[in-house]
2 protein chains.
Amino acid sequence: MKLSSRSEYGLRAMLELARTYGSGPMALADIARAQGMSEGYLEQIIAPLRRAGLVLATRGVKGGYVLASAPSSVTAGQIIRALEGPLDLIECASEDSAEASCRRELGCGSRRLWIKLRDSILDVLDSTTLADLCPAAPIGETAKPSRVGALASE
Amino acid sequence: MKLSSRSEYGLRAMLELARTYGSGPMALADIARAQGMSEGYLEQIIAPLRRAGLVLATRGVKGGYVLASAPSSVTAGQIIRALEGPLDLIECASEDSAEASCRRELGCGSRRLWIKLRDSILDVLDSTTLADLCPAAPIGETAKPSRVGALASE
DNA sequence: TGGAATACCTACCAATCTACTAGGGATTAT
DNA sequence: ATAATCCCTAGTAGATTGGTAGGTATTCCA
């Protein structure tokens, strides 16, 4: 069970933008260099993030990308979904498909497991924000509603 | 983010064996027919399950496969691991590799998320047994230590 | 003793996905 | 005008997926 590097790269790019949040647009080439990834590939990865409204792009000489909202209000779930589509581990446990399309699940059911797994994954992804990952925040505590507003300290 | 059908097929095959647990060996062709999958493909999927010691095979005319232990003591985690190898979402968050090999994770860290995600997944997989999935057990409660011994009711 | 039924093994295959590279076009500050 | 930037499409080598095909080994049973 593996995660494609799209998500890894995408998340790292978003973390880079979170780290420099407030300092104006950052060029694609700079993000790629800072994170050690292929510029051309990152370009294809950041495109869906822009289409999903998670980053804003400005063209031209001093252009680049900025986060569309504060790091504390961008969740990992938004990023992963933008990059990999809806989280469906398996046909019958898709995030958005109606569960009506599933036969064979009368007695013994594998589906029960995939649903539990999916919910567990979504719980982590949707409760973790960029702000949770970026500053030296205490590990193990993420998305505390009482701490909204904590940004990157740089 | 998807799960390969290896895991789905493997789990379904194991659930089929759990359902008929106690009735002697079940032939590969019967498992495949009962679950509607390709016989040849299932053969390749059940092989690692046998090598991992999760099922026992007997050859010859009345041969087939049986679970190596009771459904209540076989976890989904054992099955998935046998089929997909150790759970490493990403290089730096592998289940068994030492975390020493990870650079770049000084300030902002995506790794923190993958570790949390991995732990969350492992928690679900390792706490769900075939017995939890097979009978009409109440959903949402799995691997209760006080209910060890509950088998398939057929 | 000789099928027949089963597990077991290896190789092959088409389609898809992954992680890129290449090359060009559109937009904007200077 | 020019250079820097975003934006788009197409190609591509290698891996993975989801199988199929065909043979070998073992065991029950008549």
Asker: Starting from the 5' end of DNA chain D, give me the residue, B:Gly40 or A:Leu28, whose nearest nucleotide shows up first.
Answerer: A:Leu28
Asker: Can you tell me how far CG of B:Leu133 sits from OG1 of B:Thr128, rounded to the nearest 0.5 angstrom?
Answerer: 6.0 Å
Asker: Distance-only, no hydrogens or angles: does the B:Arg50 side chain make a donor-acceptor pair with backbone N or O of B:Ala57 under 3.5 Å?
Answerer: no
Asker: Restricting to nitrogen or oxygen on both sides, can you table the protein-nucleotides 27-30 of chain C pairs closer than 3.5 Å?
Answerer:
from   : atom 1 : to      : atom 2 : distance (Å)
C:dT27 : O4'    : A:Arg59 : NH1    : 3.1

Asker: Ignoring hydrogens and geometry, is there a side-chain-to-backbone donor-acceptor pair from A:Ser38 to A:Tyr41 under 3.5 Å?
Answerer: yes
Asker: Check step by step if salt bridge (Lys or Arg N to Asp or Glu O under 4.0 Å) holds for A:Arg12 and A:Glu16.
Answerer: CA-CA 6 Å; A:Arg12 291 233 306 268; A:Glu16 188 64 29; over 6 Å; no
Asker: B:Tyr41 OH to C:dC8 P: how many Å, rounded?
Answerer: 19 Å
Asker: Can you measure from CG (B:Leu125) to CG (A:Leu113) and round to the nearest 0.5 angstrom?
Answerer: 6.0 Å
Asker: To the nearest Å, give me how far apart CD (A:Glu43) and C1' (C:dG25) are.
Answerer: 12 Å
Asker: Please give me every residue in residues 45-55 of chain A whose heavy atoms get under 4.0 Å of an atom in DNA chain C, ordered by residue number.
Answerer: none
Asker: With sequence neighbours left out, write down each residue that passes ring-ring contact (aromatic ring centres under 6.0 Å, His included) with A:Tyr65, or none if nothing qualifies.
Answerer: none
Asker: Given atom CE of B:Met26 and atom P of C:dA7, what is their separation to the nearest angstrom?
Answerer: 11 Å
Asker: Output the distance between atom CD (A:Glu84) and atom CD1 (A:Ile79), rounded to the nearest 0.5 Å.
Answerer: 12.0 Å
Asker: With sequence neighbours excluded, what pairs up with A:Ser69 under the side-chain contact (heavy atoms from CB on, under 4.5 Å) test?
Answerer: A:Ser73, A:Val74
Asker: I need the B:Met14 CE to B:Tyr21 OH distance, nearest 0.5 Å.
Answerer: 10.5 Å
Asker: Quick one: A:Leu83 CG to C:dC17 P, roughly how many Å, whole number?
Answerer: 16 Å
Asker: Could you give the start and end, 5' to 3', of the contact zone on DNA chain D for chain A, using atoms under 4.0 Å from its heavy atoms?
Answerer: D:dA3 to D:dA10
Asker: What verdict does the side chain to side chain contact (heavy atoms under 4.5 Å, CB included) test give for B:Glu39 and B:Leu42, after you've listed the backbone C-alpha separation in whole Å, the side-chain angles of each residue and the deciding distance to 0.1 Å?
Answerer: CA-CA 5 Å; B:Glu39 196 172 332; B:Leu42 177 59; 5.9 Å; no
Asker: For B:Leu130, run the side-chain contact (heavy atoms from CB on, under 4.5 Å) check against B:Leu17, B:Leu67, B:Leu54 and tell me which one passes.
Answerer: B:Leu67
Asker: Measure the CG-NZ distance between A:Asp123 and B:Lys116 for me, rounded to the nearest 0.5 Å.
Answerer: 8.0 Å
Asker: Given A:Thr129 and A:Asp132, is the side-chain hydrogen bond (donor to acceptor under 3.5 Å, both in side chains) satisfied, shown in steps?
Answerer: CA-CA 5 Å; A:Thr129 72; A:Asp132 292 320; 3.1 Å; yes
Asker: Strictly below 4.0 Å: does A:Ser5 bring a side-chain N or O up to OP1 or OP2 of C:dA19?
Answerer: yes
Asker: Quick one: what's the B/S/- string for nucleotides 11-16 of chain C, heavy-atom cutoff under 4.0 Å, read 5' to 3'?
Answerer: B-----
